[in-house]
Each structure stands twice: as structure tokens, then as C-alpha cells.
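Written out below as C-alpha cells is the structure these notes cover.
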Amino acid sequence: DVVVAKPGSVVHVAARPATLDLLRASGLALTILEPDMEAAAARPDKGPGFGVYHTYSESIAWMDSLRLLYPQVVSEKWSLGLSGEGREIWCFRVSDNPDLDEDEPEVLIDGMHHAREIMASEFPVMFAEYLAQNYGIDPEITWLVDNRVLYVVPIVNPDGFVYNEINYPSGGGMWRKNRRNNGDGSFGVDLNRNYPYQWGYNDSGSSPFGSSDVYRGPSPGSEPEVQALMAFVNGRQIRTHDSVHTYSNLLLYPWGYTAATNPDAAIFAQMATAMTSENGYQAGQPPVILYDVNGGSIDWMYGATSEHDRILSFCTEIGTTGFWPDGSERASLFQENIWPHIYLMRAAGPYTA
């Protein structure tokens with residue numbers, strides 16, 4: 001998995017042993033930055049479980065606690081469907097009338113398409129909590145909650161998340177994909193390569209091989225996790241969207257499958273400039289500043305207009321210190337991404353606060 005790339009200069013990759021051997025044999029200049037990412041992330045002094053980060057069961061309890069504490073703005077969670085191993089894919093909404101389906105501009109934040117990206121599941125719930133805590137106190141947040149509906153899907157990939165927790169109960173698990181049995185001795189599909197829009201466009205933006213961390217699956221939209229999120233989006237009127245990932249301090253937008261610009265390139269560039277104005281993240285299309293992605297969620301959200309209205313869709317890559325940053329970084333990683341998501345809520349409709 002390419003996690004940081006500077007074309008023509010340097011690239012940081014998370015590699016399995018077989019891939020590492022291939023890189024060594026390639027003749028490229030190679031430096032091992034961290035020989036065992038799982039061991040490095042599982043710090044025994046951080047407290048039980050994942051420390052300040054939430055395990056799968058703790059994440060579910062956290063969603064429930066927000067409803068109990070802030071019933072005036074946080075809905076009960078509900079299931080969008082089941083994962084491949086039968087786990088619920090939970091969703092909840094933040095709004096001034098959270099139990100009603102109001103006719104207001106809709107925003108979606110999802111997280112953890114990739115199971116090892118712990119801040120990807122933390123941030124969406126932290127942001128919902130932040131809105132709830134500041135409702136009635138901060139005038140801008142109060143206006144946004146009164147005039148928008150925010151949908152939150154914190155864990156798109158529960159099976160991969162639980163697999164990491166079972167095998168690395170102190171945190172640090174590096175499994176990325178879901179847990180589909182591919183029938184060839186390999187497991188897992190990269191959910192962010194499985195969306196139907198430009199699925200399998202080429203073999204550089206995704207892989208046809210089950211052993212690859214970017215395996216796109218046997219067919220477009222084959223995975224139940226992807227099907228659940230697609231069905232939800234197609235039944236809503238989402239205006240703006242962010243899929244939270246880690247890491248690289250990037251803000252990505254369509255297209256991912258090609259470096260060609262999309263029809264709304266000027267709008268995306270303007271929004272990205274505003275969204276990164278405080279955190280300094282680099283913004284652009286994946287092929288230009290990172291790598292090709294085909295079958296990705298942002299391209300489907302934006303491009304699949306035969307299924308739903310155009311969605312201004314982004315992907316935030318939080319942080320620079322790995323998939324399992326030290327717990328002391330959690331608060332600052334959250335803080336630097338508050339403004340971009342406030343802006344995303346503003347941009348979903350007329351804003352007059």
C-alpha cells in the first residue's frame with residue numbers, strides 16, 4: 001500500500017514480506033523505516049484494549065452513548081445492512097430533529113473502508129460528538145445542525161476491524177481489506193476498489209489478484225459492505241461527502257481513476273483550498289498527488305449520476321505518523337480536521353449564518 005508519494009523523489013509503502021523481497025530485487029534504493037508496524041503500534045503501556053482508541057464493541061457503545069447524552073440532536077443508530085460475516089454496518093444522523101426525515105441538505109461522513117486505519121473510525125464519531133456538545137452554544141454549529149442533516153457511518157468494514165482486534169487485541173493490526181474468502185487461499189477485497197464506477201479500469205489503480213491489498217473483488221459492487229453503503233446513498237439526497245482514511249495529510253477528490261480533470265474541477269479546487277486553509281493538507285486528484293485508484297468511493301459518489309444526483313465527494317487522509325498513531329496524537333488529529341468538515345456542511349446548501 002502506497003501511503004506517501006512524492007513523484008520522482010520518494011515513496012513510502014507498507015509492504016508484506018513477499019512484496020519486500022520484490023522491492024529489494026528491483027534495484028530501487030530501499031530504506032526500512034519500521035520493520036514491524038504491528039509491533040510498533042501495539043504499545044503495552046497505553047492502557048487496556050486500544051487505549052484511547054475504540055475497539056469495535058466500544059465504538060458501538062460510543063454511538064449509543066451519544067444518543068443517550070444528546071437525544072435532541074443525535075438519532076438512534078440503525079443498520080444499513082450486514083457485512084460478509086454478518087455484522088451490522090451502523091449509521092446515525094445528527095440534526096435538530098434527529099428522529100425525522102427532514103427536507104434539508106444532506107451530508108455524509110463515512111469511515112474505515114480500510115480496517116487498519118484507526119482514526120478513520122474515530123473521527124466521524126468524534127465530529128458528531130463535537131457538534132452535539134456545541135449545539136446551542138456555538139452559533140455556527142447550532143445553525144448548521146438546525147439546517148443540515150449529517151449522516152455518519154463510522155465503520156464500513158466491521159469484519160476487517162474485528163479481525164485486527166482478535167489478532168492484535170492491544171491495537172496495531174495491519175489487515176486492510178474485508179474478510180471475503182477468495183477461494184484461492186487468499187482473503188479479502190479492498191472495499192475502496194470495489195465500487196462499480198470505473199471498476200477495473202486498469203490494473204494499476206486496483207488489482208485482479210486476491211492476494212493483493214488492493215484486490216478489487218470478483219465483480220463490480222460484489223461486496224455486501226459496498227452494496228449497503230450504495231443502497232443508502234441511492235435512497236438519499238446527499239450533497240457533500242467525505243470518506244475518512246489515514247494517512248498522508250491529503251485531501252483527495254475525483255477523479256481517482258484518471259488524471260483527467262472532472263467537469264467540476266474548479267468547484268472542487270475552490271472547496272479544497274478552503275478546506276485545507278487551516279490544516280495545510282495537500283489537495284488534489286489521487287493520480288496526481290498519490291496514486292491511481294479505480295473503483296473508489298469518491299468517483300462513484302460523484303460520477304454515478306444515473307443512480308443518484310451528483311455528490312461533491314472528498315477523501316481525507318488524516319495524519320502522517322502511521323495507521324495507528326500514538327494516542328497522544330488523537331486530539332490534535334481531530335482538531336486539524338474540524339474546520340474542513342464544518343465547511344463541508346456549509347457547502348451542502350445555502351449558508352446564511
Subject >> Side chains of H113 and L229 in contact at under 4.5 Å (non-hydrogen atoms) >> reply: yes
**OP:** Evaluate ring-ring contact (aromatic ring centres under 6.0 Å, His included) for F123 paired with F334, printing each intermediate quantity in order.
**Re:** CA-CA 6 Å; F123 179 84; F334 171 67; 5.5 Å; yes
Original post:
Which pair of heavy atoms, one from Q285 and one from T258, lies closest together, and at what distance?
Top reply: NE2-O, 3.2 Å
Original post:
Using the ring of each side chain (for Trp, its six-membered ring), is W62 parallel, tilted or perpendicular to H54, with breaks at 30° and 60°?
Top reply: parallel
Original post:
Do you know which two heavy atoms are closest between A348 and P105, and how far apart they sit?
Top reply: O-CB, 3.4 Å
Subject >> V52 vs E122, side chain to side chain contact (heavy atoms under 4.5 Å, CB included): CA-CA, chis, key distance, verdict >> reply: CA-CA 10 Å; V52 299; E122 293 287 305; over 6 Å; no
Original post:
So, S206 and R216: side-chain donor and acceptor under 3.5 Å apart, yes or no?
Top reply: yes
Subject >> Least distance between heavy atoms, N337 atom then H341 atom >> reply: O-ND1, 2.7 Å
Subject >> Q72, CD atom: more than 12 neighbouring heavy atoms under 6.0 Å >> reply: yes
Subject >> Heavy atoms of other groups near D103 CG, more than 12 under 6.0 Å >> reply: no
Original post:
Looking only at side chains, do D99 and S75 share a donor and an acceptor under 3.5 Å apart?
Top reply: no
Subject >> Identified salt bridge (Lys or Arg N to Asp or Glu O under 4.0 Å) partner of D159 from the options R87, R176, K177 >> reply: R87
**OP:** State, with a plain yes or no, whether a side-chain heavy atom of V189 is found less than 4.5 Å away from one of N182.
**Re:** yes
Original post:
What closest approach, in Å, do P325 and T321 show between heavy atoms, and which atom pair accounts for it?
Top reply: CB-OG1, 3.5 Å
Original post:
For H114, which of D190, T246, N192, N178 qualifies under side chain to side chain donor-acceptor pair (under 3.5 Å)?
Top reply: D190
Original post:
Does E106 come within less than 4.0 Å of R93, counting only side-chain N to carboxylate O?
Top reply: no
Original post:
Side chains of D101 and R236: closer than 4.5 Å at any heavy-atom pair?
Top reply: yes
Subject >> Heavy-atom side-chain proximity of T142 to D96 below 4.5 angstrom >> reply: no
**OP:** Please confirm whether the backbone N or O of G160 pairs with a side-chain atom of N157, one donor and one acceptor, at under 3.5 Å?
**Re:** yes
Subject >> Ion pair D213/R193, N-O distance below 4.0 Å >> reply: no
Original post:
How many angstroms lie between atom OH of Y247 and atom CZ of F323, to the nearest 0.5 angstrom?
Top reply: 5.5 Å
**OP:** Indicate whether the side chain of Y281 and that of E336 have a donor and an acceptor atom separated by less than 3.5 Å.
**Re:** yes
Subject >> Verdict with reasoning, W324 to F50, per ring-ring contact (aromatic ring centres under 6.0 Å, His included) >> reply: CA-CA 10 Å; W324 291 83; F50 293 169; 5.0 Å; yes
Original post:
Does one hydrophobic cluster hold both L82 and I155, with members joined at side-chain heavy-atom distances below 4.5 Å?
Top reply: no
Original post:
Are Y130 and Q335 close enough that a side-chain donor and a side-chain acceptor fall under 3.5 Å?
Top reply: no
Original post:
Just by modelled atom types, is the S222 backbone N or O under 3.5 Å from a matching donor or acceptor in the Q227 side chain?
Top reply: yes
Original post:
Is there a donor in the side chain of E102 and an acceptor in the side chain of N97, or the other way round, less than 3.5 Å apart?
Top reply: yes
Original post:
With side chains defined as the heavy atoms from C-beta onward, is the minimum distance between E88 and W78 less than 4.5 Å?
Top reply: no
Original post:
H308 and N234: side-chain donor and acceptor closer than 3.5 Å?
Top reply: yes
Original post:
Going by atom types only, do D242 and T316 share a side-chain donor-acceptor pair under 3.5 Å?
Top reply: yes
Subject >> side chain to side chain contact (heavy atoms under 4.5 Å, CB included) between V293 and Y201, worked out >> reply: CA-CA 9 Å; V293 176; Y201 177 77; over 6 Å; no
**OP:** Check whether the side chains of D146 and Y135 place a donor and an acceptor atom closer than 3.5 Å, and report yes or no.
**Re:** yes
Original post:
Would you say the side-chain atoms of D299 pair up with the backbone N or O of Y197, donor to acceptor, closer than 3.5 Å?
Top reply: no
Original post:
Hey, are the side chains of Y53 and M119 touching, using non-hydrogen atoms and a 4.5 Å cut-off?
Top reply: yes
**OP:** Could you check if a side-chain atom of F127 sits within less than 4.5 angstrom of a side-chain atom of I342, using non-hydrogen atoms only?
**Re:** yes
Original post:
Which heavy atom of P224 sits nearest a heavy atom of S83, and at what distance?
Top reply: CG-C, 3.9 Å
Subject >> Verdict with reasoning, Y163 to F187, per ring-ring contact (aromatic ring centres under 6.0 Å, His included) >> reply: CA-CA 12 Å; Y163 178 83; F187 287 82; 8.3 Å; no
Subject >> Candidate list Y195, F268, Y253, test ring pair (Phe, Tyr, Trp, His ring centres under 6.0 Å), partner Y302, passing option >> reply: F268
Original post:
V244, W90: one ILVMFWY side-chain cluster at the under-4.5 Å cut-off?
Top reply: yes
Subject >> R180: which of E223, E225, E85 passes salt bridge (Lys or Arg N to Asp or Glu O under 4.0 Å) >> reply: E223
Subject >> Criterion side chain to side chain contact (heavy atoms under 4.5 Å, CB included) on E104 and R148, from CA distance to verdict >> reply: CA-CA 5 Å; E104 295 176 339; R148 300 287 187 266; 5.6 Å; no
Subject >> Intermediate values then yes/no, side chain to side chain contact (heavy atoms under 4.5 Å, CB included), M230 and W300 >> reply: CA-CA 9 Å; M230 287 170 54; W300 179 81; 3.6 Å; yes
Subject >> Within 6.0 Å of CD in Q270, more than 12 heavy atoms from elsewhere >> reply: no
Subject >> 4.5 Å side-chain heavy-atom contact, N194 and W199 >> reply: yes
**OP:** Identify the heavy atoms of A347 and M271 that sit nearest to each other, and give their distance.
**Re:** CB-CE, 3.8 Å
